[in-house]
Every structure is written in C-alpha cells, then in structure tokens.
Amino acid sequence: MFSRLVFGLGLLSATALVHPALAADAARTLQIFVSKDKQSLAVYDGTEVVATSKVSTGKDGHTTPSGIFSVLEKQKYHESNLYSAAPMPFMQRLTWSGIALHESNSVPRYPASHGCVRMPGAFAKMLYGMTDPGVPVIISDGELVPQPIDHPTLFHPEAPAAMPLLSDVELRPSMPDSPEKPVQVAMNDTAAMPMPAAQPIAAPEPEPPSEPISMLITRRTLRETVIDIQALLNQLGFSAGNPDGLLGPSTVQAIKAFKTLRPAEFAADKSLVSDTLLREVYAAVGKGEPPNGVIMVRQAFKPIFEAPVTITHPGLALGTHFFTLHAVDERAGTADWLGITLENNLSRETMKRLGITNQESSIITGKPIARSLSRITIPDETRRKIDALIAPGSTLTISDTGLDRETGEGTDFITITRG
C-alpha cells in the first residue's frame with residue numbers, strides 16, 4: 001500500500017492534473033477514486049488531489065460495480081480472458097472476476113466499457129508507475145472526498161513507555177552490622193574532578209512500521225457462529241472437529257450431544273444452529289453474552305486473525321464506511337485516519353437476514369461515520385494486538401453485509417455496494 005512516485009518530465013504532459021510535489025522521489029500512501037457520474041478518476045495523497053483523468057466505465061448490461069477494491073495485480077500488457085483477447089495495456093486488476101483499470105484508445109467520457117475502467121494511454125502509464133499492489137480503489141456513482149477522522153474506536157500505535165527518572169527510585173538506608181561499628185562511606189574528591197554535565201536519556205527508537213494491514217468489521221454470519229460453537233464445544237469435550245465454520249458430521253454430532261444434555265432449553269428450538277444454541281454454549285464455558293460482530297484482519301492479501309466485537313443497537317444498519325491510515329507518529333502514539341461513507345441501500349431480503357429494521361445510517365446524511373464507530377466495542381486484547389500491527393496504508397472497512405463474494409484468496413476485503 002506504500003506507493004513509489006517517480007516521474008520524468010515527459011510524463012507531465014499527460015492528460016491529467018499532476019501536482020508539482022510529486023516530481024520528487026517520495027514514498028506516499030495513495031487512494032484512487034472513480035466517479036461513474038462524472039466519468040472521472042482522482043488520485044489522492046491524504047486529502048490532496050495529486051492526479052486526475054477522464055475515464056469510461058461499464059455501459060448498460062456491463063456495469064462497473066461500485067464499492068471498495070484494491071489493486072491486486074499489475075501487468076504492463078494483458079489480454080482479456082473474457083472478450084476475444086482484447087488488449088488491456090497497463091492493467092491493474094481490481095477483482096479476480098475481471099474488473100480492472102487499464103489503458104484504452106477509446107475513452108469518450110461516457111460509459112463504454114464491458115465493466116472495466118478505461119483510461120487514456122499517457123495517464124494509464126503514469127498511474128501504473130505510481131501504484132503498488134494494495135492501493136485502495138473506490139468506485140462510486142457520485143464523487144467522494146476523503147476527510148480526516150478522529151474517533152476513539154480507531155486504532156493508534158502505543159507510545160513508547162517513558163524512561164524512569166532517578167527521583168522515582170526508592171532509596172534504602174544502609175545500616176551497620178553493629179551499633180558500635182562506624183559506617184564507612186567512599187567519596188570522590190569533587191574539588192579535583194569536575195562533575196560531568198547531566199546527559200538526557202534518549203527515548204528508544206520506535207521499530208519501523210510493518211507491512212500495512214486491512215481490516216473488516218461486520219456482523220457475524222453463520223460461519224463465525226459455527227466457528228465459535230466448534231471451538232467452545234471442543235473446550236467442553238464434545239469433539240466438534242476443527243473450527244472451520246463448516247457443519248460437518250463431527251460438528252453436527254457434537255451439537256446434538258450438547259442439546260441432549262439440556263432438553264428443557266432446546267424443547268422449542270428445532271433448528272440445528274440458533275441464537276439459543278450460541279447463548280447456551282457461551283454460558284456453559286462461562287463466557288457471558290456472545291458477541292454479534294467480528295473483526296477480520298489480513299496482511300499481504302492473506303488472513304492473519306479474526307476476533308469478536310460487539311455492535312450496539314443491532315437493528316440499526318451500520319452503513320458502509322472506509323478508512324485509510326495516512327500517517328503514524330510512533331513517539332506520540334497518534335494516527336491520522338481518513339474516512340468516507342459509501343451509499344449502500346440494503347434490500348428487504350438482506351435486512352431481514354441480518355435482523356436490520358432501520359438502515360437510516362447507511363445513507364450519506366449527518367454524521368454516519370461517528371455514529372457507526374461509536375456503536376462498535378472492541379475487546380482490549382484485540383485492540384492491543386491490532387495497535388501493534390498498524391502502519392501507514394492500513395485500511396478499515398465497516399459493513400453490514402459480511403465477506404463479499406469477491407473477497408477470497410489473494411485479495412484484501414472487497415465490498416460491493418452496487419453490482
């Protein structure tokens with residue numbers, strides 16, 4: 001997600017706005033925003049626009065999906081696997097199902113592609129040189145602008161512990177072996193030897209940041225519920241198998257055995273997996289109320305861990321929000337986050353499946369980011385683990401709808417808001 005920007009003077013004649021500061025060789029974190037209404041693309045470094053271009057997105061019947069993506073793969077020359085080996089120079093892949101940014105000799109500034117985002121040749125070449133895999137790409141109907149976000153739910157590095165001063169050290173008097181024996185004290189001749197000047201104690205240098213991580217906070221689905229049930233039933237000695245989220249024979253047998261020992265609690269519960277089962281399993285191991293949310297973490301397109309979180313007022317939609325970590329101050333323990341909200345109206349079927357009765361916060365009005373962040377509680381242990389991992393370029397997505405079908409092996413968290 002770090003981006004290396006190296007430009008020659010010849011590139012400055014491309015059909016784009018390019019900020020003069022980018023002529024220097026500098027490592028920066030970038031975000032790419034595509035507006036389908038404007039048929040335009042803007043590259044942001046923080047809150048500053050550093051490059052723009054016209055584009056052509058997908059025409060009717062081949063609409064470019066809206067949502068949150070990242071650059072998965074880059075090829076200077078690529079041929080389409082779907083459309084008669086059509087050339088796609090300076091291709092930057094956004095999904096493994098065929099959506100990409102690429103050069104085209106036909107960019108009429110209206111929807112004209114088969115789903116990809118077409119760019120003029122000079123700009124496509126320039127953008128290819130600016131990005132690394134992992135750079136976020138946001139595609140939406142209207143224009144979106146990243147804004148600074150400061151909220152206690154967002155992650156930040158732990159500031160280095162202060163070095164203790166001598167005045168904080170507890171002093172212990174020295175006592176003689178016997179009252180009659182004098183105490184001998186060694187002394188320096190300070191008149192002959194000047195006292196050295198006090199030297200300040202330097203704080204330890206912070207470790208260099210690790211590779212950025214990507215995170216998704218969403219509602220728990222059947223998969224996360226089954227993983228929890230498997231792990232906890234194993235703790236109780238029921239041999240539920242590997243916690244993989246799949247209802248295999250071992251898991252089914254363990255659930256039935258657990259229910260058999262509690263006939264009263266499950267007399268009216270005919271489903272195999274239910275909220276009642278989850279609550280009873282949690283109670284059996286003394287864990288209290290089960291969580292209703294999950295945070296998943298990936299690094300270099302690979303899952304590294306996930307942990308439960310709690311979402312208050314679950315009947316209200318969280319909405320879809322995206323955050324990027326633009327800068328980190330390890331010494332001060334601060335982090336500069338940028339955020340946007342994407343419009344993502346949920347269908348009635350989706351709302352019913354997720355138990356949502358009101359999706360007002362998924363519409364871009366008021367302060368939906370602050371409202372959604374304030375409803376999320378992350379356990380301290382999980383927070384400390386993530387605080388130690390974040391680095392500039394790290395991202396966080398908040399979404400009601402869980403893992404998107406496009407999220408898989410070799411991707412960050414992809415969220416489709418409109419197909």
Quiz item: Any chance CG of Asp329 has more than 12 other-residue heavy atoms, nucleotides or ligands included, within less than 6.0 Å?
Solution: yes

Quiz item: Which atoms form the tightest heavy-atom contact between Met88 and His102, and what is the distance?
Solution: CE-CD2, 3.5 Å

Self-check item: Backbone N/O of Pro291 and side chain of Thr310: donor-acceptor pair under 3.5 Å
Solution: no

Practice problem: Start with the C-alpha gap between Phe322 and Gln31, add the side-chain angles, then the distance that decides, and say whether side chain to side chain contact (heavy atoms under 4.5 Å, CB included) holds. | Solution: CA-CA 11 Å; Phe322 182 69; Gln31 296 186 78; 3.7 Å; yes

Exercise. Give the minimum heavy-atom separation between Arg109 and Ser56, together with the two atoms involved.
Key: N-OG, 3.3 Å

Exercise. Report the distance from atom CG of Leu396 to atom CG of Leu373, rounding to the nearest 0.5 Å.
Key: 7.5 Å

Quiz item: Would you find a donor on one side and an acceptor on the other, under 3.5 Å apart, between the side chain of Trp96 and the backbone of Gly410?
Solution: yes

Practice problem: Taking Thr218 for its side chain and Ser399 for its backbone only, find out whether a donor-acceptor pair lies under 3.5 Å. | Solution: yes

Quiz prompt | Derivation and outcome, side chain to side chain contact (heavy atoms under 4.5 Å, CB included), residues Leu41 and Phe123 | solution = CA-CA 10 Å; Leu41 181 152; Phe123 182 83; 3.6 Å; yes

Quiz item: If you round to the nearest 0.5 Å, how far is CD1 of Ile217 from CD1 of Ile295?
Solution: 4.0 Å

Quiz item: Has the side chain of Ser113 got a donor or acceptor atom that lies under 3.5 Å from a matching backbone atom of Thr57?
Solution: yes

Quiz item: Within a strict 4.5 Å, meaning less than it, do heavy atoms of the Lys54 and Gln39 side chains meet?
Solution: no

Quiz prompt | Separation of Ile149 CD1 from Ile340 CD1 (nearest 0.5 Å) | solution = 10.0 Å

Quiz prompt | From CZ (Phe413) to CG (Asp404), nearest 0.5 Å | solution = 12.0 Å

Quiz prompt | Spatial distance of atom CG (Leu154) from atom CD1 (Ile386) [nearest 0.5 Å] | solution = 11.5 Å

Self-check item: Lys NZ or Arg CZ of Lys76 over Tyr128 ring: under 6.0 Å, within 45°
Solution: no

Quiz item: Has Lys287 got more than 12 heavy atoms of other residues, nucleotides or ligands less than 6.0 Å from its NZ?
Solution: no

Self-check item: Arg384 and Glu381, any side-chain heavy atoms less than 4.5 Å apart
Solution: yes

Quiz prompt | For the student: nearest non-hydrogen atoms of Asp37 and Gly142, plus distance | solution = OD2-N, 3.6 Å

Quiz item: Considering only heavy atoms from C-beta outward, does the side chain of Glu224 approach that of Met296 to under 4.5 Å?
Solution: yes

Quiz item: Do Leu72 and Pro133 touch side chain to side chain, with heavy atoms closer than 4.5 Å?
Solution: no

Self-check item: Donor-acceptor contact below 3.5 Å, side chain Thr29 vs main chain Gly393
Solution: no

Self-check item: Beyond-backbone contact of Val145 with Tyr44, side-chain heavy atoms, under 4.5 angstrom
Solution: yes

Quiz prompt | With Glu306, the salt bridge (Lys or Arg N to Asp or Glu O under 4.0 Å) member among Arg298, Lys385, Arg223 | solution = Arg223

Exercise. Indicate whether any N or O donor in one side chain lies under 3.5 Å from an N or O acceptor in the other, for Thr47 and Gln147.
Key: no

Quiz item: Backbone N or O of Ser140 within a donor-acceptor pair of the Arg418 side chain at under 3.5 Å?
Solution: no

Self-check item: Check: Gly319 main-chain N/O paired with Asp400 side-chain donor or acceptor under 3.5 Å
Solution: yes

Quiz item: Would you say Pro65 and Ile99 make side-chain contact, with heavy atoms under 4.5 Å?
Solution: yes

Self-check item: Check: Val107 main-chain N/O paired with Ser104 side-chain donor or acceptor under 3.5 Å
Solution: no

Quiz prompt | Worked check of side chain to side chain contact (heavy atoms under 4.5 Å, CB included) between Leu127 and Gln92 | solution = CA-CA 9 Å; Leu127 185 65; Gln92 302 193 56; 3.7 Å; yes

Quiz item: How far apart are the closest heavy atoms of Pro243 and Ile227, and which atoms are they?
Solution: CB-O, 3.9 Å

Self-check item: Test item: side-chain donor near acceptor, Lys36 and Ser66, under 3.5 Å
Solution: yes

Exercise. Working to the nearest 0.5 Å, report the span between CD1 of Ile255 and CG of Leu272.
Key: 4.5 Å

Exercise. In sequence, state the C-alpha distance, the side-chain angles, and the governing distance for Phe258 and Ile229, and then conclude on side chain to side chain contact (heavy atoms under 4.5 Å, CB included).
Key: CA-CA 11 Å; Phe258 178 82; Ile229 290 172; over 6 Å; no

Quiz item: Is the backbone N or O of Asn292 less than 3.5 Å from a side-chain atom of Arg220, with the two atoms forming a donor-acceptor pair by type?
Solution: no

Quiz item: Does a donor on one side chain and an acceptor on the other come within less than 3.5 Å for Ser250 and Gln253?
Solution: no

Quiz prompt | Exam field: side chain Ser70 to backbone Pro136, donor-acceptor pair closer than 3.5 Å | solution = no

Self-check item: Distance-minimising heavy-atom pair for Ser374 and His151
Solution: OG-NE2, 2.9 Å

Quiz item: Minimum heavy-atom separation for Phe301 to Val71, with atom names?
Solution: CZ-O, 3.5 Å

Quiz item: Are side-chain N/O atoms of Glu406 and Thr411 paired as donor and acceptor at under 3.5 Å?
Solution: no

Quiz item: Mind checking whether Pro157 and Ile390 have side chains closer than 4.5 Å, heavy atoms only?
Solution: yes

Quiz item: Going by heavy atoms in the side chains, are Phe266 and Leu277 under 4.5 Å from each other?
Solution: yes

Practice problem: Using distance alone, with no hydrogens and no angle criterion, decide if Thr334 and His156 have a side-chain donor and acceptor under 3.5 Å apart. | Solution: no

